[in-house]
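Everything numeric in this text was worked out from a predicted model, so none of it was measured. Ligands are counted one by one from 1 in listed order, and the atoms in each one are counted from 1 as well. Each residue takes its place number in the sequence, starting with 1.
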Amino acid sequence: MALIELTDVTKTFALPHGGAKVAVDGVSLSVEQGECLGIIGESGSGKSTLGRLILRLYDADSGSVVLEGQDIRALSRRELRRHRHRWQIVFQEPYASLNPRLTIGQIVEEPLIVHGGYGGRAARRERVTSTLQEVGLSPDFLDRRPANLSGGQQQRVGIARALVTDPSLVVLDEPTASLDLTIRASTLRMLNRLRESRGLTYVFISHDIETVRHFCSRVVVMHHGRFVEGGTAQQVLDAPVEDYTRNLMAAAMPPIPYRGRAAVLDDLDVSGES
Ligand code: ADP
């Protein structure tokens, strides 16, 4: 059974001055457990909306979204809350997604308190500390606040907050787009290592084709809210069938010579230490 099964999912937004925008238009896809599915497409093609529909952070207008065998569109709000700890998201802008008034310890503990069932304060703290360690942050960070951290460290906190409830699925919405290139590479290596060690399933939303090529096993291309093509990363990115994908790739081609970036990304193939 696939971990994610989307069938003919559509989402339309009402526009403030009248009219409507179809952000996701009849998309179907499936993701197997332990897989990383990349979603690519130019800005405005519906990638983020699709990521949010998968987690029911947005309600779809039609179609079905089945996660781990659960038709999540059929769940009541209350039932959905009970499942939320299994399905998490990491956002593009770590600083904007972290409450500046809370300490790192409080930020990572918050989902444990919201979802409940993780024991008392001491048990929660232990879980927070070990999750922070898993993302490369020592207990020294527990009492610091987001403003005192670098961008890469802030994103590690965002990742720890997503992982602390022990999810099966994480939607990564451009998680490294705001980071410097070298920090980006180490963050992606860490995410890859966590996927392997925890058996996580990722949906990785990105406009950066080279990152998706290195990071994802399968890829879906979107344009104007529609599914354009999908397949293994190699199939889609080395031999795209659709003109749209070819144009997307041509537009993303780095100028020549441009060795530095490729070298950093090649480094991602090392499926090991961060
Ligand atoms: P991407 O992630 O590929 O950049 P999005 O999913 O963010 O694309 O957006 C797809 C389309 O839906 C865009 O035209 C965007 O303006 C529109 N859109 C996204 N969210 C909203 C919203 N909350 N209200 C109105 N329009 C939206």
Side-chain angles (χ1 to χ4, degrees), residues 4-31 36-65 67 72-73 77 80 84 87-97 155 158-159 162 169-179 184 187-188 191 201-216 218-231 233 236-237 240 242-253:
I4 305 174
E5 197 79 60
L6 249 64
T7 311
D8 211 7
V9 173
T10 294
K11 175 69 182 175
T12 305
F13 290 109
L15 297 176
H17 303 296
K21 170 80 197 177
V22 183
V24 171
D25 192 357
V27 171
S28 301
L29 56 85
S30 69
V31 185
C36 176
L37 177 75
I39 301 182
I40 60 172
E42 65 201 308
S43 178
S45 56
K47 305 182 298 296
S48 284
T49 304
L50 185 66
R52 283 160 173 74
L53 289 169
I54 290 173
L55 300 178
R56 205 173 142 190
L57 296 175
Y58 289 153
D59 279 314
D61 302 333
S62 59
S64 86
V65 181
L67 298 187
I72 66 161
R73 292 195 63 213
R77 290 275 155 200
L80 185 62
R84 275 251 173 266
W87 310 322
Q88 297 285 4
I89 186 164
V90 174
F91 297 100
Q92 174 174 353
E93 291 293 340
Y95 189 68
S97 76
Q155 193 54 301
I159 294 164
L169 164 66
V170 184
V171 172
L172 301 162
D173 190 354
E174 304 261 13
T176 56
S178 66
L179 305 178
R184 195 178 296 182
T187 307
L188 288 169
L191 284 167
T201 303
Y202 286 159
V203 172
F204 185 81
I205 296 166
S206 180
H207 65 274
D208 184 342
I209 291 170
E210 284 312 307
T211 299
V212 168
R213 184 199 296 279
H214 283 80
F215 193 66
C216 301
R218 279 199 312 126
V219 176
V220 159
V221 184
M222 287 185 70
H223 180 45
H224 288 329
R226 298 209 181 98
F227 174 96
V228 174
E229 67 179 300
V236 174
L237 303 178
E242 298 296 328
D243 284 344
Y244 175 73
T245 312
R246 275 196 281 271
N247 291 337
L248 192 67
M249 296 192 56
M253 285 286 273

Answer with yes or no whether the side chains of H223 and E42 bring together a donor and an acceptor at under 3.5 Å. yes

So does G26 get a backbone contact from the side chain of T10, meaning a donor-acceptor N/O pair under 3.5 Å? yes

Would you indicate whether the side-chain heavy atoms of H224 and D25 approach each other to under 4.5 Å? no

Atom CZ in R73, atom OG in S62: separation rounded to 0.5 Å? 6.5 Å

In Å and rounded to the nearest 0.5 Å, what is the CD1 to CG distance from I72 to L55? 7.0 Å

Classify the side-chain pair Q155/T187 by whether it contains a donor and acceptor separated by less than 3.5 Å. no

Show the short N or O contacts, below 3.5 Å, that ligand 1 makes with protein N or O atoms; if there are none, say 'none'.
{"from": "ligand 1", "atom 1": "2 (O)", "to": "S48", "atom 2": "N", "distance (Å)": "2.8"}
{"from": "ligand 1", "atom 1": "2 (O)", "to": "S48", "atom 2": "OG", "distance (Å)": "3.1"}
{"from": "ligand 1", "atom 1": "3 (O)", "to": "G44", "atom 2": "N", "distance (Å)": "3.4"}
{"from": "ligand 1", "atom 1": "3 (O)", "to": "S45", "atom 2": "N", "distance (Å)": "3.1"}
{"from": "ligand 1", "atom 1": "3 (O)", "to": "S45", "atom 2": "OG", "distance (Å)": "3.3"}
{"from": "ligand 1", "atom 1": "3 (O)", "to": "G46", "atom 2": "N", "distance (Å)": "3.0"}
{"from": "ligand 1", "atom 1": "3 (O)", "to": "K47", "atom 2": "N", "distance (Å)": "3.0"}
{"from": "ligand 1", "atom 1": "3 (O)", "to": "K47", "atom 2": "NZ", "distance (Å)": "2.8"}
{"from": "ligand 1", "atom 1": "4 (O)", "to": "G44", "atom 2": "N", "distance (Å)": "2.7"}
{"from": "ligand 1", "atom 1": "6 (O)", "to": "T49", "atom 2": "N", "distance (Å)": "2.9"}
{"from": "ligand 1", "atom 1": "6 (O)", "to": "T49", "atom 2": "OG1", "distance (Å)": "2.5"}
{"from": "ligand 1", "atom 1": "8 (O)", "to": "G46", "atom 2": "N", "distance (Å)": "3.1"}

